[in-house]
Amino acid sequence: ADEVLLLGYHITGSYVLSWSMYIPNERGAYIELLHGENVPSAEPAALISFTPFPGDTVECDVAGTTIKGVYPHNTWFTVTFGFDIDSHTASFSVNNTLAGTWDFATMPSGDPAPNILGSVRFMAGTGWDGAIGEYYIDDVLFQEGTVGISELEAQRPFAIVPNPSAGETRFSLPAPVQQG
């Protein structure tokens with residue numbers, strides 16, 4: 001089933017949207033970034049496909065072009081979007097590596113669209129015929145304000161790796177635990 005993350009109806013300002021993502025081997029993911037919260041009628045801002053083959057590529061269809069990057073299978077990685085609604089620009093990064101930027105006031109076809117940041121739709125498939133969609137999302141962060149690339153990875157309160165796991169799991173904290 002599809003899941004929708006409503007971000008609000010943002011027509012001004014700067015924002016960062018990020019999450020941790022895990023995609024098992026030979027699986028993929030498909031995500032839509034939308035210019036609005038009303039999913040059935042909102043124009044798409046970006047169509048993002050994490051392809052299971054060849055080469056673990058991510059393709060982000062935006063503004064009449066395709067931004068390409070790479071991602072790892074079987075490990076958690078970070079997906080980050082930056083938005084400056086006032087200057088109509090958006091950026092897309094995987095594991096703090098910039099894949100590209102685009103004119104946010106457009107649809108993937110390149111046609112003009114409302115300059116609105118509204119929602120993200122996590123789709124159950126991959127966007128590719130014959131490919132199985134399976135992925136996990138965690139640590140979703142949506143914040144107002146401009147954030148530099150070096151600041152994108154916020155310190156997590158703790159980590160459990162690997163997650164998911166069918167065997168041994170490691171639990172780590174950023175600092176020693178103290179009794180109060």
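The structure presented is a predicted model; accordingly, all values stated were derived computationally and were not measured. Atom set for the values below is all heavy atoms of this structure, side chains included, hydrogens, waters and symmetry mates excluded.
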Ignoring hydrogens and angles, tell me if any N or O in the side chain of [X] forms a donor-acceptor pair with the backbone of [Y] under 3.5 Å.
X: Ser49; Y: Thr51; value: no
X: His35; Y: Thr106; value: yes
X: Asn95; Y: Phe77; value: no
X: Asp86; Y: Gly13; value: yes
X: Ser91; Y: Gly100; value: no
X: His10; Y: Ile85; value: no

Straight-line distance of [X] [atom1] to [Y] [atom2], nearest 0.5 Å:
X: Asp139; Y: Trp76; atom1: CG; atom2: CH2; result: 7.5 Å
X: Leu34; Y: Met107; atom1: CG; atom2: CE; result: 12.0 Å
X: Asp103; Y: Thr65; atom1: CG; atom2: OG1; result: 12.5 Å
X: Glu32; Y: Phe122; atom1: CD; atom2: CZ; result: 11.5 Å
X: Ile48; Y: Arg121; atom1: CD1; atom2: CZ; result: 12.5 Å
X: Leu7; Y: Glu37; atom1: CG; atom2: CD; result: 7.0 Å

Checklist entry - In terms of the angle between their ring planes, are Phe92 and Phe50 parallel, tilted or perpendicular, with boundaries placed at 30° and 60°? => result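 Phe92 and Phe50: perpendicular rings.
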Next on the checklist: Using the rule given for side chain to side chain donor-acceptor pair (under 3.5 Å), can you reason through Thr89 versus Asp84, listing the C-alpha separation, both sets of side-chain angles and the distance that settles it, and then say yes or no?
Outcome noted: CA-CA 5 Å; Thr89 58; Asp84 185 340; 4.7 Å; no
Assess the side chains of [X] and [Y]: does a donor N or O sit below 3.5 Å from an acceptor N or O?
X: Ser20; Y: Asp138; result: no
X: Asp111; Y: Ser109; result: yes
X: Asn96; Y: Ser93; result: no

Checklist entry - Do you know which two heavy atoms are closest between Ser18 and Thr80, and how far apart they sit? => result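 Smallest interatomic distance, heavy atoms only, reads CB-OG1, 3.6 Å.
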Next on the checklist: If we check ring-ring contact (aromatic ring centres under 6.0 Å, His included) with Tyr15, which of these qualifies: Phe142, Phe81, Phe104?
Outcome noted: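 It is Phe142, the one option of Phe142, Phe81, Phe104 that forms the ring-ring contact (aromatic ring centres under 6.0 Å, His included) with Tyr15.
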Checklist entry - Would you say Leu17 and Tyr135 are hydrophobically clustered, going by side-chain heavy atoms of ILVMFWY under 4.5 Å? => result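 Same cluster.
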